[in-house]
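Mind looking over this structure? Questions follow.
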Amino acid sequence: MSSCCAFRAGCAQAAAQMLRAELPAALSYSVQGALGVVLERSRLISATTYRKPLLSDTSYLDAAGRWGLSLPPANMAVFGALYAWRDSTARALDESLQYVMPKAALLELSRTAPRSAAEVRKVLGAG
């Protein structure tokens, strides 16, 4: 081992020992000042569980407004049904909305309102 590598290994070991020595004090949150505040906030945040807000009967209308979506009533009903299905499926699978159905697919299916599985595949480019 070259002297440069040995020096680096020695520095890494010294840093690890220093961190091990400081860790108990940091875990007790007795650190004062800004670091103590950050550690306490981090502890509180990590102790909470994120719960995605549930959809209401009009959530799809809020999304349509945010996305600048303007559809005839029948197509808006398709959008609402797909929007609710995508949310409930994503929750059941513990996956993201985009994994279940990308926004582009949701919008295209809402615009075209296919009436058969073959039409859905065609709209999505899979058939």
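Given the structure is predicted, the values throughout are model-derived calculations rather than measurements.
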> Can you pull the ring-ring contact (aromatic ring centres under 6.0 Å, His included) pairs that have at least one residue in residues 82-114, sequence neighbours excluded?
Replying inline: F79-Y83
> Out of curiosity, S46 OG to R41 CZ, how far, rounded to the nearest 0.5 Å?
Replying inline: 14.0 Å
> What about M76 and L82, same hydrophobic cluster or not, with Ile/Leu/Val/Met/Phe/Trp/Tyr joined at side-chain heavy-atom distances under 4.5 Å?
Replying inline: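 In one cluster with M76: L82, yes.
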>> Within the structure provided, determine whether R43 and L39 are in side-chain contact (heavy-atom separation under 4.5 Å).
In response: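 The answer is no, as the side chains (C-beta and beyond) never meet within the 4.5 Å cut-off.
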> Is there a donor-acceptor contact under 3.5 Å from the side chain of T89 to the main chain of R86?
Replying inline: no
Show the atom names and distances, to 0.1 Å, of all donor-acceptor pairs under 3.5 Å that link a side chain in residues 65-73 to residues at least two apart or in another chain.
none

> Partners of R111 by side-chain hydrogen bond (donor to acceptor under 3.5 Å, both in side chains), sequence neighbours excluded?
Replying inline: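 Partners of R111 under the side-chain hydrogen bond (donor to acceptor under 3.5 Å, both in side chains) test: none.
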>> With a 4.5 Å cut-off on side-chain heavy-atom distances among I, L, V, M, F, W and Y, is there a chain of contacts connecting V120 to V100?
In response: yes
> How would you list, by chain and number, every residue that makes a side-chain contact (heavy atoms from CB on, under 4.5 Å) with A113, sequence neighbours excluded?
Replying inline: N75, V78
> Looking at residues at least two apart in the chain, or sitting in another chain, which of them share a side-chain contact (heavy atoms from CB on, under 4.5 Å) with T112?
Replying inline: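 If we apply the side-chain contact (heavy atoms from CB on, under 4.5 Å) test to T112, skipping adjacent residues, the hits are E108, P114, V123.
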> Which residues pass the side-chain hydrogen bond (donor to acceptor under 3.5 Å, both in side chains) test with S59, sequence neighbours left out?
Replying inline: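 For S59, the residues satisfying side-chain hydrogen bond (donor to acceptor under 3.5 Å, both in side chains) (neighbours in sequence not counted) are S56.
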> Rounded to the nearest 0.5 Å, what separation is found between the CG atom of L106 and the CE atom of M101?
Replying inline: 6.0 Å
>> Going by side-chain contact (heavy atoms from CB on, under 4.5 Å), name the residues that satisfy it together with S116, two or more places apart in sequence or in a different chain.
In response: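 Per chain and number, S116 pairs via side-chain contact (heavy atoms from CB on, under 4.5 Å) with A118, E119.
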>> Quick test of your reading: applying salt bridge (charged side-chain N to carboxylate O under 4.0 Å, His left out), list the pairs with at least one residue in residues 88-101, sequence neighbours left out, ordered by first then second residue.
In response: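 Sorted result for residues 88-101: D87-R91.
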> Would L61 and T58 satisfy side chain to side chain contact (heavy atoms under 4.5 Å, CB included), going step by step from the backbone distance to the final call?
Replying inline: CA-CA 5 Å; L61 295 173; T58 60; 4.2 Å; yes
> Got a second to check how far S42's OG is from L35's CG, nearest 0.5 Å?
Replying inline: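 Taking OG in S42 and CG in L35, the distance rounds to 10.5 Å.
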> Between Q13 and M18, is any pair of side-chain heavy atoms under 4.5 Å apart?
Replying inline: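 Side-chain contact under 4.5 Å: no.
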